Number of protein chains: 2
Amino acid sequence: MEKLNIDKIARLSLVSKSVVSRVLNDHPNVSDAARSRVMSTIKKYGYKPNSTAQNLATNRSHVLGVLTDRRPNNEMSNGYWSLFNLGLFDKCRKEGYFTRFTFVDAGNLNQSNHTLFDESGTDGFILHTPEVINLIIDDLKRKEFPVVFKHQNSEYSEYSSVDINNYLGGYLATSHLIELGHKKISILWAVPEVEEARERMRGYRQAHSDNGLKVDESLIITGHYSQEFGYEAVRKLNKLNKQFSALFCTSDTIAMGALLALNEEGVDIPGEVSVVGFDDLPSSGFTFPPLTTIHQPIYEKGVRAAEILINQLEKRDTKIVHDLLEPHLVIRKSTGPVL
Amino acid sequence: MEKLNIDKIARLSLVSKSVVSRVLNDHPNVSDAARSRVMSTIKKYGYKPNSTAQNLATNRSHVLGVLTDRRPNNEMSNGYWSLFNLGLFDKCRKEGYFTRFTFVDAGNLNQSNHTLFDESGTDGFILHTPEVINLIIDDLKRKEFPVVFKHQNSEYSEYSSVDINNYLGGYLATSHLIELGHKKISILWAVPEVEEARERMRGYRQAHSDNGLKVDESLIITGHYSQEFGYEAVRKLNKLNKQFSALFCTSDTIAMGALLALNEEGVDIPGEVSVVGFDDLPSSGFTFPPLTTIHQPIYEKGVRAAEILINQLEKRDTKIVHDLLEPHLVIRKSTGPVL
DNA sequence: TTGTACGCGTTATCAA
DNA sequence: TTGATAACGCGTACAA
């Protein structure tokens, strides 16, 4: 099995390699005769151009880099990350791009910035998590690398970004509970350093004030996005003998932990306590009871992030955008009226 | 910001580019003086070699291809896929490799084989799912591409593979239930076409016969790996008025669906029915009740798959292996003695 | 120990 | 419409 290359194909087709290259790249100015000869030998020998050589010659790799921090396994396997990446992959596949992941140890930041991204093997970057941005953004800027943020981040409005309307999500979740008659609504939220979290909180507060309700600050519990936090938070609330008839968990994982703590204590859901989550992970329809939650289009976020970056790379649309996709409420069985 | 390349660095260091190349690749036969001059200009200008050019020159890409079929989003985001990939990524990162995903539409197989993998951009392949193997294996074989299977597959014993001991997993799960006194154990399993599933079933049967029990064939329900199946299967069993005191679900997702159906009907778990799952997904500690299940080292499977392939590529260890990692039982709260 | 020259497989320029 | 020929940036015999 001899190696095929453009020269061999050219010789076998009785043309020069320039012609083969033109045929390969759909260039005009190729005679029909030549084209069909080339096409048939390509087909006959199953020739495919060497993509590495193409990349070198064109200075384009058709690879999108994804830069994300390496969270613990359980945080990266709750479905959110997968869904986003599936959106990325699908869009990339359609457009002829590949995806390359680079992880940053957020705890261990002594990696040289230079080693974080491979300029020659990547056409642009999707910055997955707010934590990594400060690390890397100067380098990327200096090298004029196309970049899309996966989170809203008003500090860097000069870069395109995709997110959902987190404020609206928080507002919808809280309003739903208020409409059901709840007045004592505890919020279990996480990582207030991040704009996403603050926006959800803002929605929570706004829904209260729009309905003439005052937020009970002692019902605000801060933690991180995990089942453990939800579980512990509920136990803490109960230990402190806090009165609440509803729980707004700012992620479905938090809600799962809360649900377990409630169920274990024999609390009737939603009879005694209503619970609303955030994300609408694929498994959230199968918690007990099935979780009322804010659906966010995670997959679509991935698609859109890839789309924006590719549009930029292909010079189809190079203007900066700050997309905020719409979340919506999904009512299942974990919320009900105050009795 | 002018473009840096090996020639410029050479000129600035007052050596030829051969010397720079040798320094870059840790070759011997470079004088200390030259080496330090080169190193300092590299550092000074922040030079990094162009990886595309390196790939072209060495005919190595340091990219592992992962070929997997494109299942529905919810199936690919239950945590299993993420965990496996995290193992892959971590190992690859350590060894200086990247990962490239290629998806196959298992339903829509008219893609030309030739388009499925990019030989020039990939050093070897991990075949993720049994469904894609037949499609592609001839091509890979003909081109002598290094390949590792992510499933045990005795039809292709000429290729290395990684899996868990699925037989043992089925055996452990069933034995646990039998030890608790259960005699009517329903099994909810999926995709019997795949060796993995048949092995788990074999363990289920063997545990019965080792304990002098006969399998009630009417308690064997066949479906697919999903919460929906688990949910429907339980309802079906109840509608048919089947007697069973325990459920062996061959995946945690199936178990979650089963749990919901049981909970909704007010069945006490494990008082009336015990449930054991398979996989030990990160969320399985937070179902209600927390799920007793067979833990399989998914992340480690990813690590090992990458390791085997990289060992082959680096010629460190080229012999064919068929690894079967050990699963083990994790007892939580969804199983208990027969009352 | 160093440097020259060529090869890797493409694309792109420019003359024919 | 075609075909030399020169990049692209690096690795590596081979000669010095």
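Letters A, B, ... mirror the listed sequences (proteins, then strands); counts begin at 1. Every value quoted in this text rests on a predicted model; they were computed, and no experiment measured them.
- If you check every strand for non-hydrogen atoms under 4.0 Å, A:Ser31 touches sugar and phosphate atoms only.
- Between B:Leu56 atom CG and C:dG9 atom C1' there is a gap of 6 Å when expressed in whole angstrom units.
- As rounded to whole Å, 16 Å separates atom C1' of D:dA7 from atom CG of A:Asn55.
- Looking at B:Ser61, its side chain never comes within 3.5 Å of a backbone N or O of B:Asn55 through a donor-acceptor pair.
- Both B:Leu14 and A:Ile6 lie near DNA chain C, and the one whose nearest nucleotide falls closer to the 5' end is B:Leu14.
- Remark: the B:Arg60 side chain and the D:dG11 base include no donor-acceptor N/O pair separated by less than 3.5 Å.
- The base of D:dA4 sits within donor-acceptor range of the side chain of A:Ser18, with an N or O pair under 3.5 Å.
- Side chain of B:Ser77 to main chain of A:Gly79: no donor-acceptor pair is present (N/O by atom type, distance under 3.5 Å, no hydrogens or angles).
- Here A:Glu196 does not pair with A:Lys150 in a salt bridge; the nearest charged N to carboxylate O distance is not below 4.0 Å.
- Across all strands shown, B:Val30 has heavy atoms under 4.0 Å from sugar-phosphate atoms exclusively, and none from any base.
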List the steps, then state whether salt bridge (Lys or Arg N to Asp or Glu O under 4.0 Å) holds for A:Arg316 with A:Glu307. CA-CA 10 Å; A:Arg316 287 191 290 229; A:Glu307 186 176 26; over 6 Å; no

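- B:Glu300 has no carboxylate O lying under 4.0 Å from a charged side-chain N of B:Arg304, or vice versa, which leaves the two without a salt bridge.
- Contacts of A:Asn59 with the nucleic acid, taken as non-hydrogen atoms under 4.0 Å apart, are absent.
- B:Asn5 comes within contact range of the sugar-phosphate backbone alone, with a heavy-atom separation under 4.0 Å but no base atom that close.
- A straight line from CG of B:Asn29 to P of D:dA15 spans 17 Å, rounded to a whole angstrom.
- Residue A:Asn50 is classed as a sugar-phosphate contact, given heavy-atom separations below 4.0 Å to backbone atoms only.
- Judged by distance alone with a 3.5 Å cut-off, a donor-acceptor contact links the side chain of B:Lys17 to the base of D:dG11.
- One can place CD of A:Gln54 at 17 Å from P of C:dC8, the figure rounded to the nearest angstrom.
- If you find the closest nucleotide of DNA chain C to B:Val15 and to A:Arg22, the one lying nearer the 5' end belongs to B:Val15.
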